[in-house]
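Here, residue 1 is the first one in the sequence, and each next residue gets the next number.
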Amino acid sequence: MNQAKLHILLSQKGKDSKELFGLRLATNLTLIQKQFFSLYSEERHEKHFQKLLKLLTKLYLDRPEELKNQDLERLKTGNWYQSEDLVGMQLYVEHFNKDLKGLEEKIPYFKKLGINFLHLMPITTRPKGESDGGYAVNSYLQVDKKYGSKEDLLELTTAFRNNGIYLMLDFVVNHTSNEYSWAKKAKKGDKKYQGYYYTYEDYTIPAEFEKTLPEVFPETSPGNFTYIPEMEKWVMTVFNSYQWDLNYTNPEVFLEMLTNLVKLTDMGVDVVRFDALAFLWKRIGTISQNLPEAHNLITLFRMCLQVVAPGTILLAEAIVAPMDIVKYFGEEEKRGNECEVAYNASLMALLWNSIATKKTQLLYKSLMHVPPKPKDCTWINYIRCHDDIGLGYENHLIEELGWNPGMHRKFLLDYYCQRLDWSPATGLLFMYNPKTGDGRITGSAASLLGLEKALTTKDQGLLEESVKKIIMLHGITLAFGGIPLIYAGDEIGTLNDYSFQNDVSKKGDSRWVNRPMQDWETISKLDNENLPQSKIFQTLQKLIKIRKNNTVFADSNNLELYHTGNDHIFSFERNEDQQGLLVICNFDENPQVIDSSWIKKLGYFSKGEPLDLVSNEKVSLNSGLLELMPHQMMWLQKG
């Protein structure tokens with residue numbers, strides 16, 4: 001039983017809010033103390049621990065009463081984030097509808113599609129010009145003027161609560177911008193704030209770090225340190241030269257960041273996306289990613305947040321190897337006590353591999369290779385986001401299929417980045433390293449799946465094929481187990497936006513090609529069923545409604561993969577008591593058949609022909625074989 005389960009039990013005792021706070025603190029205290037002193041020696045930092053305990057009480061007392069009541073309601077509900085009712089969307093506010101007030105105006109649109117979980121890209125103040133898409137923060141709590149004011153945000157979160165919409169915002173936990181107040185003070189020579197970052201008098205220690213540190217952005221920001229003339233020191237800048245890495249070996253940094261975290265949730269944030277959390281702890285001689293101390297630190301944040309604001313949860317933004325992702329849910333005594341939610345980046349990347357190869361072997365191999373997650377945790381499943389598509393597949397699994405890992409990745413880059421004439425994809429390369437051949441892929445889902453090329457060449461066959469692919473991939477994320485997240489614009493098949501190439505602050509970053517403006521003109525024409533955009537929207541709308549009406553889609557670790565004997569087919573089942581839902585997808589451009597005997601053994605034909613929820617038609621068999629059309633997806637319901 002994890003700590004959250006204990007808090008759920010405590011909340012049922014009928015005590016008032018303040019008493020329950022005390023009980024939560026007592027319940028988490030041992031784990032908080034252990035994690036704190038695993039990072040900061042007890043001999044030197046007992047006073048910091050006592051400061052933390054006082055801080056927790058103050059943060060709780062400062063929390064708005066409405067949110068305290070919401071916390072208790074959510075505890076009584078249980079794991080609300082595993083519900084089949086949740087369907088999410090990620091968006092840039094300024095690209096969606098101008099600002100926070102404009103976003104509030106579009107609540108009816110979200111409700112029409114069925115969206116009730118929103119991830120807004122960073123809305124706090126950031127440097128002018130380059131800001132890594134807002135992930136170089138000048139403030140954790142101040143809303144950038146172009147989005148509105150803090151009052152606008154509070155008004156928006158109130159409107160979301162009134163409409164049953166959950167909000168996720170980023171917490172850039174690894175670094176600040178070089179314009180953040182701490183960085184400014186450090187530049188002026190303030191030793192206290194220089195100690196909030198990794199700063200060094202000369203290049204001796206940085207040189208030792210560089211021996212093992214990889215480069216995150218080798219093209220635009222090579223190396224991991226930047227010399228700051230104002231303070232005559234080197235500072236660690238793992239991502240970009242204007243993003244200074246926070247030094248969590250200093251307990252004052254943790255205390256300050258915990259305060260920022262709780263104050264962010266006090267504005268009505270339901271889910272906090274912990275950005276770049278794999279990088280939180282640095283150690284010479286390592287790649288300074290996924291270190292044990294980073295996991296202890298995340299658990300410490302989580303345990304403290306549970307005490308103060310137990311209705312708020314954490315999302316791990318850890319785009320790391322599949323075996324490492326599940327570790328951010330917590331292991332051993334931390335199992336289920338780290339982050340409640342994590343991105344299923346492995347599933348995302350594997351789906352794109354299956355689209356290019358038309359085969360599912362690597363998809364199966366990789367998914368079966370990942371350890372099971374804790375039952376109280378869940379995934380965010382998605383096919384696109386604001387970022388690139390990395391090719392972080394495990395080499396030994398590629399080799400087991402008889403493929404050369406380097407050549408296979410080259411094929412994927414060629415397929416998606418317009419290096420093969422026959423490929424329907426129109427993506428761009430991102431961070432390509434000619435020395436190693438490593439690279440990543442950018443592009444909107446629709447453009448990567450052939451819709452852009454189909455419209456350009458007026459190829460009706462390709463157009464229909466691309467629409468089927470778009471629906472199939474989104475259908476998998478809606479059914480897979482977890483919170484499905486649609487990237488804004490994908491619900492209407494939005495194409496690549498090449499306008500970034502004319503913007504000096506963006507043209508060096510091809511990820512902006514898949515960060516388009518929301519196309520409200522197209523949305524106004526969705527009643528025209530002849531448009532491919534209408535078919536995509538209306539089909540997703542239907543699938544979302546089906547999901548919300550069937551509790552089998554709730555994530556209770558009720559997913560099982562099934563090999564079909566046909567390498568073009570991907571299949572999995574969701575189970576709940578006597579209910580079942582079997583998902584079968586054809587990744588090939590040709591019809592495919594599978595032996596139905598195993599489906600019969602699962603009971604799907606025991607009461608006659610089963611219903612395919614996607615087509616709303618009964619499914620019949622032909623000589624014991626089940627046929628799937630090109631890129632068809634079935635959701636078979638057990639009668």
Side-chain angles (χ1 to χ4, degrees), residues 3-4 6-7 10-11 13 15-72 75 139-142 171-173 176 180-182 185 190-193 195-197 246-269 272 274 277 280-281 293-314 333-334 337-338:
Q3 296 301 108
L6 293 175
H7 299 322
L10 289 174
S11 70
K13 300 299 181 184
K15 298 180 182 293
D16 67 31
S17 178
K18 192 169 183 179
E19 282 184 278
L20 287 171
F21 162 76
L23 289 172
R24 290 197 302 271
L25 180 56
T27 303
N28 278 17
L29 187 58
T30 300
L31 200 49
I32 288 174
Q33 186 175 35
K34 183 171 183 179
Q35 302 311 311
F36 190 89
F37 288 130
S38 75
L39 300 169
Y40 312 112
S41 67
E42 189 168 358
E43 298 79 17
R44 293 180 55 204
H45 297 295
E46 173 63 31
K47 66 177 183 179
H48 285 105
F49 183 69
Q50 295 304 321
K51 188 175 179 179
L52 171 60
L53 297 183
K54 291 178 181 176
L55 177 62
L56 290 174
T57 301
K58 181 181 186 305
L59 291 173
Y60 167 75
L61 292 173
D62 289 345
R63 186 160 171 78
E65 205 63 35
E66 182 182 359
L67 297 181
K68 288 180 185 176
N69 294 333
Q70 179 177 269
D71 289 336
L72 298 183
L75 285 175
S139 168
Y140 286 97
L141 304 169
Q142 184 180 342
F171 186 61
V172 185
V173 68
T176 73
Y180 192 74
S181 59
W182 301 342
K185 291 172 183 176
D190 191 318
K191 298 294 183 184
K192 174 184 174 181
Y193 291 102
Y196 277 30
Y197 302 97
L246 288 165
N247 181 4
Y248 279 99
T249 65
N250 180 347
E252 290 289 346
V253 173
F254 169 73
L255 294 171
E256 294 260 27
M257 290 298 283
L258 176 62
T259 301
N260 284 330
L261 170 64
V262 174
K263 286 184 176 179
L264 180 66
T265 72
D266 285 348
M267 291 192 283
V269 177
V272 178
F274 257 37
L277 77 177
L280 287 182
W281 203 270
E293 294 91 341
H295 288 282
N296 292 347
L297 182 61
I298 297 160
T299 299
L300 183 57
F301 271 116
R302 162 92 183 276
M303 293 300 98
C304 292
L305 186 62
Q306 268 187 359
V307 171
V308 178
T312 307
I313 61 172
L314 298 181
E333 70 173 351
K334 297 194 291 289
N337 286 324
E338 203 161 321

Nearest-0.5 Å distance, [atom1] of residue [X] to [atom2] of residue [Y]:
X: T312; Y: D71; atom1: OG1; atom2: CG; answer: 5.5 Å
X: L280; Y: L39; atom1: CG; atom2: CG; answer: 10.5 Å
X: K51; Y: E252; atom1: NZ; atom2: CD; answer: 3.5 Å
X: W281; Y: E293; atom1: CH2; atom2: CD; answer: 6.0 Å
X: Q70; Y: L75; atom1: CD; atom2: CG; answer: 11.0 Å
X: N337; Y: R302; atom1: CG; atom2: CZ; answer: 6.0 Å

Give the minimum heavy-atom separation between [X] and [Y], together with the two atoms involved.
X: L297; Y: Y40; result: CD1-OH, 4.2 Å
X: L141; Y: L264; result: CD2-N, 3.6 Å
X: E338; Y: I298; result: CG-CG2, 3.5 Å
X: M303; Y: L31; result: SD-CD2, 3.5 Å

What's the verdict on side chain to side chain contact (heavy atoms under 4.5 Å, CB included) for Q306 and R24, showing C-alpha distance, side-chain angles and the deciding distance? CA-CA 8 Å; Q306 268 187 359; R24 290 197 302 271; 6.0 Å; no

Answer whether the closest heavy-atom distance between the side chains of [X] and [Y] falls below 4.5 Å.
X: K185; Y: Y196; answer: no
X: L56; Y: L52; answer: yes
X: L300; Y: I32; answer: yes
X: K263; Y: D62; answer: no
X: L67; Y: T265; answer: no
X: F21; Y: L61; answer: no
X: K334; Y: N296; answer: yes

If the plane angle is over 60° it's perpendicular, under 30° parallel, otherwise tilted; pick one for F274 and F301. perpendicular

Name the orientation class of the two ring planes belonging to F254 and F36 (parallel below 30°, tilted from 30 to 60°, perpendicular beyond 60°).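 Aromatic pair F254/F36 classed perpendicular.
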
Using the ring-ring contact (aromatic ring centres under 6.0 Å, His included) criterion, which residues pair with F37? Sequence neighbours excluded. F49

Taking only residues two or more places apart in sequence or in another chain, which ones pass ring-ring contact (aromatic ring centres under 6.0 Å, His included) with Y140?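 Partners of Y140 under the ring-ring contact (aromatic ring centres under 6.0 Å, His included) test: F171, Y180.
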
Checking side-chain hydrogen bond (donor to acceptor under 3.5 Å, both in side chains) for the pair S181/Y193: CA distance, chi angles, key distance, verdict? CA-CA 9 Å; S181 59; Y193 291 102; over 6 Å; no

So the salt bridge (Lys or Arg N to Asp or Glu O under 4.0 Å) pairs with at least one residue in residues 29-49 (sequence neighbours excluded) are K34-E333

L53/L29 under side chain to side chain contact (heavy atoms under 4.5 Å, CB included): CA gap, chis, key distance, verdict: CA-CA 9 Å; L53 297 183; L29 187 58; 3.7 Å; yes

Looking at Y60, is K68 sitting on its ring face, NZ or CZ under 6.0 Å from the six-membered ring centre and within 45 degrees of the normal? yes

